[in-house]
Amino acid sequence: MSLKDVELKKEYRSLLDNVVQDFYIPLLKDATLYQRAVGFFSSSSLVEISKGIAAMAEAGGKIQIVASPYLSDEDVEAIKKGYSDRDKIIEGALLSSLSDEHVDYYSMERLNLLANLIADGVLDIRIAYTEDSKGIGMYHEKMGLITDTDGNRVAFSGSMNESATAMLVNYETIDVFRSWGDESEQERVTLKQNAFYSIWNDTEPNIHVLEFPKVTEALIEKYRKKSPNFGLDRQQYSGSKRRHTGRTASVHSIGARVPEEIEFHAYQKEAIASWVGENYRGIFDMATGTGKTFTGLGSIAKISEDLDDELAVIIVCPYQHLVEQWVEDIVKFNMKPIIGYSASAQKDWKKRLSNAIRDQKIRRDKRFFCFVTTNATFASDYVQEQISKIKMPILLVVDEAHNFGAPTYAECLDERFTYRLALSATLERHHDDEGTSLLYSFFGKKCIEYPLSRAIDEDKLTRYKYFPIVVYLNNDELSRYEQLSYEMSRCLIKDKKGNYKLNKRGEILALQRARIVAGASEKLVSLREQILPYVHENNLLVYCGATNVLDEKADRSSTDDGDVRQIEAVTNILGNEFGMSVSKFTADEDMETRALIVDQYQKKGKLQAIVAIKCLDEGVNIPGIRTAFILASTTNPKEYIQRRGRVLRKAPEKEFAEIYDFITLPRPLDTVSSMTEDQVKRDMSLVRNEIARIKEFGRLSMNPMDAESLIWEIQDAYHITDDEPGEGEF
């Protein structure tokens, strides 16, 4: 094939495109010459440079790399003052860049490949630096050229460094030019070709290019361990298995394996392949109900197989019942998990964990183990101490990973975990850019983004009708709400970016105000009206509003007096007033009771309705829900997006779901015109947040005009012309 046969974009952006799979591999497999000017010379940059070159190198293609040494201020000063020979200083800097930090399988395989190519004369590396009257500097130009047998060339340039950070985390861009393109493109290719030729041959003004035989010898000695693996790119980026060919968990497998009866969807296979391609690090951003757990387990099976089962797997979930849900699936993948949390049925789980870590060091048949636990238990001193004793590579899998942006858990994320996988339908943390950034920095890029809209379009989740039901605070609730709003207005401070935020006291007041909204009494009045047509129906859920917050150090949620009052009131309405068969589903029910409730609920006619709190936030799987009445008022997108997703799980005879969302506004809309400017401002935060939820729920529904009509009505009453929060609103 020719380079002309590859479909190319004019630019590639690292967080939008998979640059290796979409650009490097398709072009380089048909190339005869790859010329690349990169940033700093290091073992990390060498790993990234190697991606895509295997097939080309096997076919006899040549590779020329120009890189710059990383010189410290002390190095530059020494050269400037002539303390020692500059070549010796540069050589020392290059040698120190060949680190031992890479221990993961694919990085070591790639360094071995490069070392072999250098030894065989296929790959040539030259070192460039700038020098003028002001002194010595770094050569920073970033460009590349790919040439095929017909002389066709693709030139590219831009901000993308060949480093793991640039490829995975930072937002980088490369521009692409073709020798067979228009006159402008052809000219850019010629300019890049001439520039590279001049630099490579050391004829470019103010740029010096040298070869360092001792560096290449050191690189070969350090990284060449065996014959080159020319199938490396295919294995890493296609998701194909490295050694084993069978799908089943054979009697000889001690690690995770995909069972024969499970067949992944195409998007799940792509996610796993992309994760493997990123050296087993990344994020699965998948809508609730689209198979996050199985995709995660498939990833565990892949890495376990690749590493010959020399692996410790640690799976972390927010709550106890989520651990048990994982366990149900973990055992299908040939694993016998150690289940660790305060109320675990494995009473001796601490001893099991300790023994597994000890045995992994000394017994070949015990080199793999899986430990599944809660967030709180994972962060405990005991578990952290045990993890520090593990000598094998560790894969950390975190479910509902957005929680790990919180300081309590973030401090546990460190370099002990060579391999990393984050699962979440909503990774971005609400009002916490710093925590969100930390998660991306630790776990890496998104290997898949499978939103709820796509899941509905592809029939992975059911369609739904959305009915926003407006309720208002009564006089007493409104009075308390306004008083708290006034007090909060005196707790506003500016952060480093100049944005308004609440101080600690303001955050406490905000929680108190949220409890008023969550427990608004008019919700019960309206619920009676809305549920009346469904009194003879099945598979109903009434989801109450939580008025307390989970303690980060707890591994199960709790129910306070305010929660209980609303739950009991709803249960009384459904059970006593309407004579329906109904059951509560709260933290007070143990896991056995919960399982029995779900089982009865799934059996038509046994249990008509569940009155629940927090279960949709905690990840409880109840696919039979057909009609949900959501009394819970939340302004956190993470929470309401997850709630909707769990209502939309597929189930037999479930053509579509219905969601009744109780929208809480401070006061009737026809009274807004008589309010003072300060009163309107204190209302605005709640009003805007409710509008945001209506818009999000309505846009994917089967009846979007119901939501749009209400939004227009609210915006008209409050004279809102945009969706952005105003300055000082809270």
Side-chain angles (χ1 to χ4, degrees), residues 24 28 31-54 56-58 60-71 75 86-102 107-131 136-147 156-157 160-164 166-167 192-193 195-204 207-225 228 230 232-233:
Y24 286 117
L28 289 172
T32 57
L33 178 63
Y34 178 33
Q35 299 166 306
R36 190 74 171 102
V38 299
F40 293 122
F41 175 89
S42 69
S43 55
S44 293
S45 66
L46 290 175
V47 169
E48 298 304 321
I49 288 168
S50 73
K51 294 179 177 179
I53 69 172
M56 171 192 172
E58 185 178 28
K62 296 291 184 179
I63 304 161
Q64 298 173 338
I65 303 296
V66 176
S68 176
Y70 180 81
L71 299 177
D75 291 334
R86 74 179 58 198
D87 288 4
K88 291 292 183 184
I89 293 175
I90 293 174
E91 184 176 84
L94 295 170
L95 289 171
S96 66
S97 298
L98 300 177
S99 70
D100 294 315
E101 65 185 25
H102 297 285
S107 290
M108 297 311 298
E109 287 286 293
R110 291 191 172 283
L111 290 169
N112 174 71
L113 171 65
L114 289 172
N116 274 278
L117 297 181
I118 292 171
D120 294 339
V122 174
L123 170 63
D124 193 2
I125 300 177
R126 296 184 183 180
I127 303 301
Y129 62 91
T130 64
E131 188 174 29
I136 193 170
M138 311 302 168
Y139 168 67
H140 279 304
E141 186 172 16
K142 303 170 185 67
M143 66 172 176
L145 292 121
I146 300 172
T147 308
F156 55 97
S157 64
M160 185 170 291
N161 289 312
E162 297 286 19
S163 69
M167 297 289 279
K192 297 297 179 186
Q193 181 63 55
F196 188 89
Y197 180 87
S198 297
I199 294 166
W200 185 257
N201 292 285
D202 197 20
T203 60
E204 184 80 1
I207 297 178
H208 294 288
V209 178
L210 302 172
E211 297 182 63
F212 289 88
K214 285 188 177 180
V215 175
T216 54
E217 289 170 8
L219 195 152
I220 293 169
E221 181 180 353
K222 190 177 188 68
Y223 297 126
R224 187 169 66 165
K225 305 299 182 184
F230 290 115
L232 194 56
D233 291 316

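Any value given below was found using the heavy atoms of this structure, including those in side chains, with hydrogens, waters and symmetry copies removed. Computed from a predicted model, the values in this text were never measured in an experiment.
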- Query: Could you give the distance from CG (Asn112) to CG (Leu117), rounded to the nearest 0.5 Å?
  - Reply: 9.5 Å
- Message: Just verifying a value: how many Å separate Leu111 CG and Leu219 CG, rounded to the nearest 0.5 Å?
- Response: 7.5 Å
- Which atoms form the tightest heavy-atom contact between Lys225 and Glu221, and what is the distance? NZ-O, 4.2 Å
- Query: Of all heavy-atom pairs between Ala115 and Ile220, which one has the smallest distance, and what is that distance?
  - Reply: O-CG1, 3.7 Å
- Message: Let's go through Val209 and Glu204 carefully: what are the C-alpha distance in whole Å and the side-chain angles of both, what is the deciding distance for side-chain contact (heavy atoms from CB on, under 4.5 Å) to 0.1 Å, and is it a yes or a no?
- Response: CA-CA 9 Å; Val209 178; Glu204 184 80 1; over 6 Å; no
- Distance, nearest 0.5 Å, that separates CD of Gln35 from CD1 of Ile199: 10.5 Å
- Query: Can any side-chain N or O of Thr147 pair as donor or acceptor with the backbone N or O of Thr32 at less than 3.5 Å?
  - Reply: no
- Message: Consider side chain to side chain contact (heavy atoms under 4.5 Å, CB included). Of Ile65, Ile118, Ile125, which one does Leu46 pass it with?
- Response: Ile125
- Quick one: list whatever passes salt bridge (charged side-chain N to carboxylate O under 4.0 Å, His left out) with Glu211, sequence neighbours left out. Arg126
- Task: Have a look at Arg110 and tell me which of Asp233, Ile53, Ile49 forms a side chain to side chain contact (heavy atoms under 4.5 Å, CB included) with it.
- Result: Asp233
- Do Leu95 and Phe212 touch side chain to side chain, with heavy atoms closer than 4.5 Å? no
- Message: Minimum heavy-atom separation for Tyr24 and Arg36, please, with both atom names.
- Response: OH-NH2, 3.7 Å
- Message: Under the criterion side-chain contact (heavy atoms from CB on, under 4.5 Å), I'd like the reasoning laid out for Leu113 against Tyr223: C-alpha separation, chi angles, the key distance, then a yes or no.
- Response: CA-CA 9 Å; Leu113 171 65; Tyr223 297 126; over 6 Å; no
- Mutual orientation of the aromatic rings belonging to Tyr129 and His208 [parallel < 30°, tilted 30-60°, perpendicular > 60°]: tilted
- Task: Apply side-chain contact (heavy atoms from CB on, under 4.5 Å) to the pair Trp200 and Val66, showing each step before the final yes or no.
- Result: CA-CA 7 Å; Trp200 185 257; Val66 176; 3.5 Å; yes
- Query: Do you know which two heavy atoms are closest between Gly61 and Val122, and how far apart they sit?
  - Reply: O-CG1, 3.2 Å
- Rounded to the nearest 0.5 Å, what separation is found between the CG atom of Leu94 and the CD1 atom of Ile127? 4.5 Å
- Note on the structure: On a heavy-atom basis, the closest approach of Ser96 and Ala93 is OG-O, 2.8 Å
- Note on the structure: Looking only at heavy atoms, the pair that brings Leu145 and Phe156 closest together is N-CE2, 4.1 Å
- Whether Thr203 side chain and Ser198 backbone form a donor-acceptor pair below 3.5 Å: yes
- Euclidean distance, Ile63 CD1 relative to Leu28 CG, rounded to 0.5 Å: 8.0 Å
